[in-house]
Protein chains: 2
Amino acid sequence: MSFHLHQIAGKNAEKTKAHNRRVVLGYLRGQPAGRAEIAKASGLSTQTVSNLMAELVTEGLVVPTGRRRAARGQPPVVYAFNPSGAAVLGFEVRPDTLTMVLTDLGGTALVTRQIPLAQTDPAHVLGQMAMLAQAHMPHMPVLGAGLVIPGPFGVDGLSGVGPTALPDWDPAQIPLQAEAALGLPVHFDKDATAAALAEGMAGAASGLSSYAFLYFGTGLGLGVVAQGQPIRGAFGNAGEVGHIIVHPGGLICECGNAGCLEQYASRLSVQRHLIAMGALPPDGTGLDAALVQLLANQNQDLMVWVDTAAEALSRAIGLLENLFDPQCTVLGGALPDALIDLLIARLSLPPGSVARHSGRRNPRVLRGTSGTLTAAFGAAALVIHDTVTPRLDARAPDIAATESPPCP
Amino acid sequence: MSFHLHQIAGKNAEKTKAHNRRVVLGYLRGQPAGRAEIAKASGLSTQTVSNLMAELVTEGLVVPTGRRRAARGQPPVVYAFNPSGAAVLGFEVRPDTLTMVLTDLGGTALVTRQIPLAQTDPAHVLGQMAMLAQAHMPHMPVLGAGLVIPGPFGVDGLSGVGPTALPDWDPAQIPLQAEAALGLPVHFDKDATAAALAEGMAGAASGLSSYAFLYFGTGLGLGVVAQGQPIRGAFGNAGEVGHIIVHPGGLICECGNAGCLEQYASRLSVQRHLIAMGALPPDGTGLDAALVQLLANQNQDLMVWVDTAAEALSRAIGLLENLFDPQCTVLGGALPDALIDLLIARLSLPPGSVARHSGRRNPRVLRGTSGTLTAAFGAAALVIHDTVTPRLDARAPDIAATESPPCP
DNA sequence: ATATTTAAATCAAATGCTTTGAGTTAAGGC
DNA sequence: GCCTTAACTCAAAGCATTTGATTTAAATAT
């Protein structure tokens with residue numbers, strides 16, 4: 001899988017059927033419904049929906065839940081999406097850890113495993129992944145695997161440095177190698193984008209078609225879903241929010257900028273702050289426990305950081321609102337819930353934002369799924385998303401096709 | 001047309017054919033090709049491509065350009081996209097002016113008209129539009145009309161104020177009314193998004209699938225195309241770049257923010273600066289002529305503005321790069337070419353950007369189409385884009401469908 | 001109670017496109 | 001000249017959706 005949209009593929013009857021299956025599944029994931037309702041919503045004939053439903057029931061992806069007696073007429077047989085009908089794998093690779101989750105189609109964890117990584121070369125890690133997967137194969141069918149790593153990919157001065165560096169992980173090669181190693185279709189993406197999809201599937205953004213997800217990993221990531229589709233950009237690096245400048249002339253970042261958001265609002269930044277204040281040992285261990293503790297005590301050192309971080313985040317969220325016009329912005333990832341809640345409470349969002357819309361139905365900012373497994377669940381969500389969301393298929397270029405013509 | 005992606009529609013044989021037509025046309029718009037090549041690129045059979053081509057040739061959208069003798073085997077008959085095969089209309093409505101362009105499918109102008117608007121109520125303006133269209137109907141088929149207005153739509157404190165306000169122009173109603181008035185399919189969007197599509201069709205971004213277009217209108221707009229699709233956001237307000245904060249604590253903007261980009265880099269900002277410097281009469285007339293003149297003289301007052309604007313733009317472009325990961329960022333719109341060139345020359349882009357990518361093939365920033373007709377051409381581009389780009393069709397909700405479930 | 005109305009679901013063609021496989025045409029290479 | 005390669009065409013087959021007539025089942029009216 002590459003990130004450029006090379007050439008959109010043509011369709012035939014089979015592709016059309018696959019599309020319609022996704023339409024039906026996607027609708028049913030939102031709410032249980034009878035066949036006639038689905039037909040009306042999708043524009044398909046009831047007969048077609050009947051045929052598809054019969055297949056989906058056979059496969060176990062959908063289950064009838066009895067008749068609904070509502071108005072006149074024969075009451076419809078209501079069908080519901082069956083999360084237990086199949087499973088998916090999600091892998092998150094970080095320089096020091098490999099995380100695997102096995103979830104059902106609802107995103108509910110069946111198995112979670114974390115193992116430390118001594119080496120980070122793809123061959124070794126893929127071997128570990130295959131081993132883990134082998135050891136936890138469920139009885140239900142496994143539809144595919146998601147694989148996420150921290151971004152950005154292939155950026156001078158950003159990718160090779162810092163604690164998230166994974167050398168030799170080429171986005172163009174890895175998915176194919178992973179498919180070979182796992183024997184499953186593999187969906188590859190960066191952690192924040194995947195985490196955003198997870199949030200849209202079962203979390204705070206469920207049911208939304210346009211939203212932004214700020215992901216606290218080591219740094220700060222961003223996944224944006226616009227009109228139901230994740231934004232990936234030309235090289236899969238969209239959403240590199242950690243290095244947007246919120247304080248011109250502010251703290252120097254290793255990326256070369258001054259005043260990067262990540263310097264003010266990230267795990268690393270709070271860790272550094274607490275070490276400097278003597279609230280954490282110099283090696284920075286025990287951050288999560290300390291955060292919970294300090295938060296409970298309303299520790300002033302922490303509050304100082306919260307205010308600074310909230311100011312920086314407010315600017316960033318204002319930006320995201322004006323650039324992406326999301327239904328809402330969600331904050332989640334590897335920080336304690338209570339801390340994220342506090343950050344949200346301390347936000348002062350800029351007034352000049354398209355988020356102040358008369359048609360708005362959602363809060364501007366919400367807390368999403370927290371915890372260190374967020375990205376791995378996101379990886380699983382990549383597969384689920386692919387299963388239930390209609391899409392435009394791309395075709396890989398065959399022979400030395402021009403990848404992107406030069407800007408004239 | 002609404003901006004929420006309500007529910008994706010199912011496909012049948014006819015829809016499939018329409019999709020495949022777009023695939024073929026889209027490929028041919030990039031480069032002339034033989035049928036076998038198109039088949040290979042699209043994954044369709046040669047027979048299908050043959051059938052589609054026969055239709056497209058009959059309709060005049062595609063023309064054979066002779067055989068290409070290349071390697072062994074029977075030389076392919078090469079077909080080219082025929083821009084003259086049909087025409088499209090583009091309308092731009094501003095509070096004081098209605099602009100219409102009639103272009104061929106290559107985006108080349110056949111007719112351009114501007115008329116002043118005394119009233120801005122939709123009924124009157126739609127009447128004027130119908131009148132203009134009527135008066136300039138070409139002999140070739142007209143595929144549709146694009147209609148653009150300045151954004152944002154429905155935003156408290158932004159939409160109703162300032163020189164771009166068009167009260168009573170409801171994005172949910174206008175397209176339908178326009179279709180009735182014109183008797184053509186109408187594509188509605190905000191000016192900058194449409195202008196971006198135009199740039200991707202024939203301008204600096206042609207052939208690119210991910211790019212950002214900064215549009216100098218009265219204020220400063222942004223259109224973003226990601227993976228071939230324009231980003232519109234939940235309410236069609238994505239790309240409201242004028243009100244992102246580039247100078248925290250800087251100049252007060254009427255939106256309520258301090259330090260908005262628009263205060264530093266826009267027609268209004270340079271106009272205000274030149275008036276303050278006495279280089280322009282207090283009513284601000286004659287801006288364009290003055291700009292050309294002052295530029296030729298390397299006027300110091302103007303240079304001061306250019307440096308300030310370039311600094312603000314550099315920050316904004318850095319942001320866009322990190323958030324959208326475009327192949328390049330294009331600057332265009334209602335400023336003289338030479339001034340845009342100078343702005344680009346004076347940029348100092350931040351180093352911490354995913355644009356510093358090893359796979360990069362395009363300049364980070366380019367000048368695009370300038371002139372006051374940019375947005376109207378963009379409106380026309382909406383129709384052309386729709387004609388040649390495969391898409392996921394949405395279905396309008398039928399009866400009291402939940403438009404967007406509340407963020408839980 | 002019984003008949004009527006309304007709506008869902010099924011059955012059995014029919015329809016629309018795409019694909020397949022055999023055959024034809026036109027060029028380069030030996 | 002003959003073989004190979006590749007593009008293209010023709011006719012039949014295949015796949016999935018649609019259409020129109022029927023059946024089923026509940027709410028309402030008589």
Side-chain angles (χ1 to χ4, degrees), chain A residues 8-25 27-28 32-58 62 64-80 390 393 395 398-399, chain B residues 8-25 27-28 32-58 62 64-80 390 393 395 398-399:
Chain A
I8 291 177
K11 292 216 155 160
N12 56 21
E14 275 99 343
K15 296 259 185 65
T16 298
K17 184 177 184 181
H19 172 97
N20 289 344
R21 266 178 69 110
R22 279 184 243 256
V23 169
V24 169
L25 279 175
Y27 189 84
L28 243 30
R35 280 172 275 196
E37 177 186 339
I38 299 171
K40 209 167 288 174
S42 63
L44 295 167
S45 65
T46 58
Q47 185 57 59
T48 300
V49 176
S50 267
N51 296 343
L52 290 172
M53 295 299 282
E55 271 191 37
L56 291 170
V57 169
T58 305
V62 153
T65 62
R67 297 189 104 107
R68 170 196 296 157
R69 80 181 122 264
R72 274 199 183 185
Q74 180 172 157
V77 177
V78 175
Y79 292 85
D393 291 318
R395 251 180 97 73
D398 277 291
I399 6 102
Chain B
I8 291 177
K11 295 218 153 160
N12 55 21
E14 276 100 341
K15 295 257 185 67
T16 298
K17 184 177 184 181
H19 172 97
N20 290 342
R21 265 177 70 110
R22 279 183 243 255
V23 169
V24 169
L25 279 175
Y27 190 85
L28 244 32
R35 279 172 276 193
E37 176 186 339
I38 298 171
K40 207 166 290 176
S42 63
L44 295 167
S45 66
T46 58
Q47 185 58 57
T48 301
V49 175
S50 268
N51 295 344
L52 290 171
M53 294 300 282
E55 271 191 39
L56 291 170
V57 169
T58 304
V62 152
T65 63
R67 294 189 105 107
R68 171 197 294 160
R69 83 180 119 265
R72 272 197 181 187
Q74 180 173 158
V77 177
V78 175
Y79 292 85
D393 292 317
R395 251 182 98 73
D398 277 291
I399 6 101

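Sequence lines set the chain letters: A, B, ... in the order given, protein chains first and strands last, and positions in each chain run from 1.
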Distance criterion of 3.5 Å, no angle test: do you see the side chain of B/Gln74 paired donor-to-acceptor with the base of C/dA27?
no
Evaluate the side-chain proximity of B/His19 to A/Thr16: yes if any heavy-atom separation is below 4.5 Å, no if none is.
no
Going by the rule side chain to side chain donor-acceptor pair (under 3.5 Å), which residues pair with A/Thr65 if we only count those two or more places apart in sequence or in a different chain?
none
Nucleotide C/dC17, atom C1' - distance to NE2 of A/His19 in whole Å:
16 Å
Footprint string (nucleotides 9-19 of chain D, 5' to 3'): B base within contact, S backbone only, - free, heavy atoms under 4.0 Å:
BBB---BSBBB
For A/Asn51 and A/Gln47, does a side-chain donor sit closer than 3.5 Å to a side-chain acceptor?
yes
With side chains defined as the heavy atoms from C-beta onward, is the minimum distance between B/Lys15 and B/Asn12 less than 4.5 Å?
yes
Please give, in whole Å, the distance from C/dA7 P to A/Arg67 CZ?
16 Å
B/Leu44, B/Val78, B/Val77 screened by side chain to side chain contact (heavy atoms under 4.5 Å, CB included) with B/Arg35, the one that passes:
B/Val77
Tell me, do A/Lys17 and A/Leu52 make a side-chain contact under 4.5 Å, heavy atoms counted?
yes
Write down the distance between CD (B/Glu55) and C1' (C/dC17), rounded to a whole number of angstrom.
11 Å
